[in-house]
Amino acid sequence: MTEVHDMVDENYGKQHELTMTNRNTLVVTGITRVESFDSEEFLLQTEYGYMGVRGQDLHLQSLDLDQGHVAIEGQIIHISYLDVNMDRTGTGKGLLGRLFR
């Protein structure tokens, strides 16, 4: 008799959603932490890894870490995720440098 092991996704049941309106308003759910932000880049920790948002004239419209959501306004140019299998020690680049190659 063989033993069967269920593979359970550690994030099962957790929601992470992006809603963008007209490329100038982005609402993200499933946020656990805001690592850093300025008028050109946001680095967010989500339930599914790090997410970066690049743009121009970006600003924080609202943040509720208890509910896990953030709203960003400005001209959104790029959204990307940091590869969870990537070597995080890097080669002289910061986390944002690795995120936005």
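Scanning for side-chain contact (heavy atoms from CB on, under 4.5 Å) contacts around Asp38 gives Glu40, Glu41, with sequence neighbours left out. Judged as a side-chain hydrogen bond (donor to acceptor under 3.5 Å, both in side chains), and not counting sequence neighbours, the contacts of Arg33 are Glu35. Remark: Thr32 engages Gln45, Glu47 in a side-chain contact (heavy atoms from CB on, under 4.5 Å) (not counting sequence neighbours).
Leu18 and Val27 fall into different hydrophobic clusters, where Ile, Leu, Val, Met, Phe, Trp and Tyr side chains are chained together by heavy-atom contacts under 4.5 Å.
Applying the ring-ring contact (aromatic ring centres under 6.0 Å, His included) test to pairs two or more places apart or on separate chains, those with a residue in residues 17-40 are Phe37-Phe42. Within the structure, no pair that satisfies the side-chain hydrogen bond (donor to acceptor under 3.5 Å, both in side chains) test touches residues 17-27, not counting sequence neighbours.
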For residues 60-77, dump all side-chain donor-acceptor pairs below 3.5 Å to protein atoms at least two apart in sequence or in another chain.
| unit_1 | atom_1 | unit_2 | atom_2 | d |
| --- | --- | --- | --- | --- |
| Gln61 | NE2 | Glu73 | OE2 | 3.2 |
| Asp64 | OD1 | Asp66 | N | 3.1 |
| Asp64 | OD1 | Gln67 | N | 3.0 |
| Glu73 | OE1 | His59 | NE2 | 2.9 |

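By the 4.5 Å heavy-atom criterion applied to side chains, Ile79 and Leu26 are counted as neighbours.
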